[in-house]
Amino acid sequence: MVDSRSNYILFHTDVCHLCELAAELLMQSAVKFESQDICDDETLVEQYGTRIPVLKQIDTNRELNWPFDIDALNEFLGA
């Protein structure tokens with residue numbers, strides 16, 4: 001889900017079932033986010049390759065690493 005007004009990026013790969021679970025949690029929480037597949041960017045692979053999925057808040061650069069559940073997500077979002 002790509003939205004120019006989103007404040008979050010979910011770093012993922014297309015073949016990651018944990019990434020799918022993270023995206024489902026974000027959608028359940030009605031979070032507007034942009035999905036960024038790391039596979040096509042060597043820098044992103046180096047940075048996130050062993051810890052995806054990672055949710056990044058764009059304006060603060062804060063990151064929430066997997067594993068996270070709905071409670072951890074809500075705390076990260078400030079809900």
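For the single chain, residues carry numbers from 1 onward in sequence order. Worth knowing before you read on, the calculation uses all heavy atoms, side chains too, and leaves out hydrogens, waters and symmetry mates.
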Interatomic spacing from [atom1] in [X] to [atom2] in [Y] - rounded to 0.5 Å:
X     : Y     : atom1 : atom2 : answer
Ile70 : Glu75 : CD1   : CD    : 12.5 Å
Ile52 : Cys39 : CD1   : SG    : 7.0 Å
Ile38 : Cys19 : CD1   : SG    : 7.5 Å
Asp37 : Asp14 : CG    : CG    : 4.5 Å

*When you look at Thr43 and Glu46, which way does the side chain to side chain donor-acceptor pair (under 3.5 Å) test go after all the steps?*
CA-CA 5 Å; Thr43 302; Glu46 288 178 25; 6.0 Å; no
Out of curiosity, does [Y] fall in the hydrophobic cluster containing [X] (side-chain heavy atoms, cut-off under 4.5 Å, transitive links)?
X     : Y     : answer
Ile9  : Trp66 : no
Leu77 : Leu10 : yes
Phe33 : Ile58 : no
Met27 : Leu73 : yes

Does some side-chain heavy atom of [Y] sit less than 4.5 Å from a side-chain heavy atom of [X]?
X     : Y     : result
Tyr8  : Lys32 : no
Leu64 : Val54 : no
Phe76 : Arg62 : yes
Leu25 : Phe68 : yes
Tyr48 : Lys56 : yes
Leu44 : Gln36 : yes

*If only atom types and distance count, is the side chain of Ser29 paired as donor or acceptor with the main-chain N or O of Val31 below 3.5 Å?*
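Checking the backbone N and O of Val31 against the side chain of Ser29, no donor-acceptor pair under 3.5 Å is found.
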*Verify, without hydrogens or angle tests, whether Arg51 (side chain) and Gln47 (backbone) share a donor-acceptor contact under 3.5 angstrom.*
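At least one qualifying donor-acceptor pair exists.
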